[in-house]
Amino acid sequence: ETGVTQSPTHLIKTRGQQVTLRCSSQSGHNTVSWYQQALGQGPQFIFQYYREEENGRGNFPPRFSGLQFPNYSSELNVNALELDDSALYLCASSGGTSGGVYNEQFFGPGTRLTVL
Amino acid sequence: DQQVKQNSPSLSVQEGRISILNCDYTNSMFDYFLWYKKYPAEGPTFLISISSIKDKNEDGRFTVFLNKSAKHLSLHIVPSQPGDSAVYFCAASARMSGGSNYKLTFGKGTLLTVNP
């Protein structure tokens with residue numbers, strides 16, 4: 001069974017730039033959630049994708065957007081980067097091919113984004 | 001407003017003794033609770049969970065207790081081992097409005113150190 005993978009591992013950008021982070025869900029999972037973890041904080045929910053559509057969103061501005069592909073992999077895009085966007089971005093997969101969604105989410109290793 | 005609180009930033013115990021990590025929540029809509037363990041430079045790893053209709057769930061050395069009336073849960077690790085040293089996150093799950101999927105709300109984490 002393949003776990004959740006994310007790329008890249010680390011990324012350095014400057015303020016105002018745009019970034020795309022990628023996630024491959026665990027095999028058999030059809031739901032992907034994205035979280036932002038700032039230093040010293042717990043992960044904060046950004047949004048969730050199910051069947052290629054956004055299925056819920058946390059308190060993040062529209063410059064945070066995403067996609068889910070037919071193979072359930074996902075992208076997180078952040079436009080007009082700000083210094084406060086520096087964080088660990090975590091992707092989590094859940095659910096099953098039956099279409100049901102489970103509470104247990106399984107996380108990837110994360111992408112460390114630094115905005116200078 | 002933090003809906004999931006882990007009031008102890010750190011905990012230190014001796015190998016072989018019991019570790020007790022605590023978590024409080026405020027939102028009555030939470031219906032499922034999870035504990036994750038996180039090592040540096042890795043994503044959170046799912047440890048154990050409990051449904052709101054239960055008051056205890058056990059898995060090997062790990063037991064989670066839920067006191068719904070007090071909105072409090074705890075994770076017991078017995079016996080504690082040096083390899084258990086990590087940051088432990090409490091997370092609560094609630095159905096997202098308008099959807100059938102769930103998002104996780106995390107506490108800030110507790111750093112557990114198990115001394116040999």
Side-chain angles (χ1 to χ4, degrees), chain A residues 3-7 9-10 21 23-26 29-60 68 87-96 98-112, chain B residues 1-10 21 23-25 27 29-54 57 59 64 86-111:
Chain A
V4 179
T5 59
Q6 292 186 243
S7 63
T9 307
H10 295 89
L21 310 181
C23 170
S24 291
S25 60
Q26 184 168 313
H29 287 177
N30 57 12
T31 301
V32 173
S33 304
W34 285 92
Y35 292 82
Q36 180 196 66
Q37 186 181 11
L39 204 60
Q41 303 293 316
Q44 278 204 299
F45 176 72
I46 302 175
F47 46 53
Q48 184 179 90
Y49 276 82
Y50 173 61
R51 292 185 175 175
E52 302 176 51
E53 294 202 359
E54 187 179 292
N55 192 53
R57 190 175 187 93
N59 293 328
F60 282 82
Q68 186 181 32
L88 180 68
Y89 288 85
L90 295 161
C91 165
S93 74
S94 57
S98 65
V101 178
Y102 305 99
N103 293 321
E104 293 168 8
Q105 298 183 8
F106 296 86
F107 285 82
T111 294
R112 173 72 62 186
Chain B
D1 177 34
Q2 208 175 352
Q3 298 185 51
V4 177
K5 295 180 183 178
Q6 293 178 257
N7 291 319
S8 299
S10 62
L21 296 103
C23 178
D24 297 294
Y25 62 96
N27 189 342
M29 299 303 292
F30 290 140
D31 58 4
Y32 201 77
F33 302 89
L34 307 91
W35 285 93
Y36 285 85
K37 179 168 76 171
K38 188 177 185 302
Y39 294 116
E42 293 184 12
T45 302
F46 170 72
L47 202 53
I48 192 170
S49 61
I50 188 168
S51 166
S52 60
I53 62 173
K54 296 185 175 181
N57 188 27
D59 184 3
V64 56
V87 176
Y88 288 78
F89 289 101
C90 169
S93 174
R95 187 183 296 270
M96 288 188 279
S97 57
S100 60
N101 294 348
Y102 293 81
K103 71 170 187 177
L104 297 180
T105 301
F106 284 83
K108 290 188 176 183
T110 297
L111 173 62

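A note on names: the letters A, B, ... follow the listed sequences, proteins ahead of strands, and every chain is numbered from 1.
You'll find the side chain of A:Leu90 reaches within 4.5 Å of the side chain of B:Pro44, heavy atoms only.
Within a 6.0 Å sphere centred on CD of B:Gln3, other residues, nucleotides and ligands contribute more than 12 heavy atoms.
Within the 4.5 angstrom heavy-atom criterion, only side-chain atoms of A:Gln37, from C-beta onward, approach chain B. For A:Tyr35, the part lying near chain B is the side chain, with the backbone staying farther off; criterion is any non-hydrogen pair under 4.5 Å.
In terms of heavy-atom proximity, B:Phe89 sits nearest to A:Gly42 at CE2-CA, 3.6 Å. The two residues B:Lys103 and A:Gln105 come nearest to each other via the heavy atoms CA-NE2, 4.3 Å.
With sequence neighbours left out, the side chain to side chain contact (heavy atoms under 4.5 Å, CB included) criterion links B:Phe46 to A:Glu104, A:Phe106, B:Leu34, B:Tyr36, B:Ser49. By the side chain to side chain contact (heavy atoms under 4.5 Å, CB included) test, B:Asn7 is found to be paired with B:Lys5, B:Asp24, residues two or more places apart in sequence or in another chain being considered.
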